[in-house]
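Notes follow once the structure below has been shown.
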Amino acid sequence: IPLKFDWREHGAVTPVKNQGACGSCWAFSVTGNIEGQWAINRGKLIPLSEQELVDCDRLDNGCNGGLPSNAYQAIMKLGGLETETDYKYDAVDKKCSFKRTKVRVTIDSAVNLTTDEDLLAKWLVHNGPISIGINANAMQFYMGGVSHPWSFLCNKANLDHGVLIVGYGMDEFKLFKEKLPYWTIKNSWGTSWGEQGYYRVFRGDSTCGVNQMATSAIVK
Ligand SMILES: CCC[C@@H](/C=C/S(=O)(=O)c1ccccc1)NC(=O)[C@H](Cc1ccccc1)NC(=O)N1CCC(N2CCOCC2)CC1
């Protein structure tokens, strides 16, 4: 596999979004994955509706949290996703106003991916951006660079945030001329957070549980 790869360079990633004061990170992680699957397999990059999931996904808890694996099932049960334009984001739990006639994107199934970070990188190159759960402890104070907190400060067993891996690379670490492998992660806290809305985290030692709950929708 290539030394570095970034789906933003291949038209599979929409602009960074902002979930606001609503615990809907799980929905953004899933729409980001499905936006990528649709772009790669159907050739169209369409921003998708998180609000549909917040309001209509009965398996999850809207602004009070959810899981990507539940969301994929809910999307298949509902019949698909409306676009961001048709069902816009309001950052608050509302009555479901889903319309089957407005469905623009459907998924065929969903898969749980390996925890092996080399195999995850290989999967990403061949398939697209990956939805993950992560421990967000090191993200609250992140100011840029490659984040590599000690494991006791970012317990890989305590995942609490849903985000999207869009690529990976190697960072030329000025000081010691060492090369740091990293994941490039799309967050949903707006573009003024992190590196224009993105987070880079060390790749290769389960940092913050980045490899513990990797999933994807399948679009044939
Ligand atoms: C209150 C929910 C906050 C929200 C993310 C908010 S956030 O703003 O992005 C943020 C995250 C971390 C620090 C600060 C801010 N977190 C979630 O939705 C996280 C995301 C996650 C966790 C673990 C693996 C993958 C994804 N999930 C959760 O919070 N939950 C998982 C599902 C659970 N449901 C209970 C009822 O039965 C169905 C399951 C509810 C709690």
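Keep in mind that the numbers below use all heavy atoms, side chains included, and drop hydrogens, waters and symmetry copies. Every number for a ligand or one of its atoms is a count from 1 in the order of the listing.
Counting only heavy atoms, the protein never gets under 4.0 Å from atom 33 (C) of ligand 1.
From the protein, the heavy atom lying nearest to atom 3 (C) of ligand 1 is G23 CA, 3.9 Å. Nearest protein heavy-atom contact of atom 36 (C) of ligand 1 is N61 ND2, 3.6 Å. Given atom 41 (C) of ligand 1, the protein heavy atom at minimum distance is N64 O, 4.4 Å. Scanning the protein heavy atoms around atom 15 (C) of ligand 1, the nearest turns out to be W189 CZ2, 3.7 Å. Ranking the protein heavy atoms by distance from atom 23 (C) of ligand 1 puts L159 O, 3.5 Å first. Here the protein heavy atom with the shortest distance to atom 5 (C) of ligand 1 is C25 SG, 2.5 Å.
In this structure, E9 does not pair ionically with K4, as no charged nitrogen and carboxylate oxygen lie closer than 4.0 Å. A salt bridge links E172 to K179: one of the charged nitrogens lies within less than 4.0 Å of a carboxylate oxygen.
Using bins of under 30°, 30° to 60° and over 60° for the plane-to-plane angle, the ring pair H148/F202 lands in the parallel bin. In this structure, F5 and H10 have parallel ring planes: the angle between them is below the 30° cut-off, well short of the 60° mark. The aromatic rings of Y168 and W183 sit perpendicular to each other, their planes meeting at more than 60°, with 30° as the lower class boundary.
Taking each of P68, G209, G65, S188 in turn, the one with a heavy atom nearest to atom 2 (C) of ligand 1 proves to be G65. For the residues S131, G66, G133, the heavy atom positioned nearest atom 20 (C) of ligand 1 is part of G66.
At a 4.0 Å cut-off, at least one heavy atom of D160 sits close enough to ligand 1 to count as contact. The closest approach between any non-hydrogen atom of L59 and ligand 1 is below 4.0 Å. Residue M139 places every heavy atom at 4.0 Å or more from ligand 1.
Counting heavy atoms from C-beta outward, Y72 and I107 have side chains that approach closer than 4.5 Å. The shortest distance between side-chain heavy atoms of E117 and S206 falls below 4.5 Å. Within the 4.5 Å cutoff, the side chain of R8 has heavy atoms near those of the T184 side chain.
A donor-acceptor pair under 3.5 Å is absent between the side-chain atoms of R42 and the main chain of I40, judged by distance alone.
Less than 4.0 angstrom separates some heavy atom of Q19 from each of these atoms of ligand 1: 6 (C), 7 (S), 8 (O), 9 (O). When each atom of ligand 1 is checked for a heavy atom of N70 under 4.0 Å away, the hits are 38 (C), 39 (C). Using a 4.0 Å cut-off to heavy atoms of A136, the atoms of ligand 1 that qualify are 12 (C), 13 (C). Contact atoms of ligand 1 toward M213: 24 (C), 25 (C) (distance under 4.0 Å to a heavy atom of the residue). Those atoms of ligand 1 that come under 4.0 Å of a heavy atom in L67, given as number and element, are 23 (C), 24 (C), 25 (C), 31 (C), 32 (C).
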Candidate pair R200 and L180, rule side chain to side chain contact (heavy atoms under 4.5 Å, CB included), full reasoning: CA-CA 11 Å; R200 284 187 297 151; L180 277 179; over 6 Å; no
Give the intermediate values and the outcome of side chain to side chain contact (heavy atoms under 4.5 Å, CB included) for residues E50 and K17. CA-CA 10 Å; E50 294 79 23; K17 305 182 189 184; 2.7 Å; yes
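Of the N or O atoms in Q140, none lie within a sub-3.5 Å distance of an N or O in ligand 1. Backbone and side-chain nitrogen or oxygen atoms of H161 are examined, and one is located within less than 3.5 angstrom of a nitrogen or oxygen of ligand 1.
How far CG of D93 is from SG of C63: 4.0 Å, rounded to the nearest 0.5 Å.
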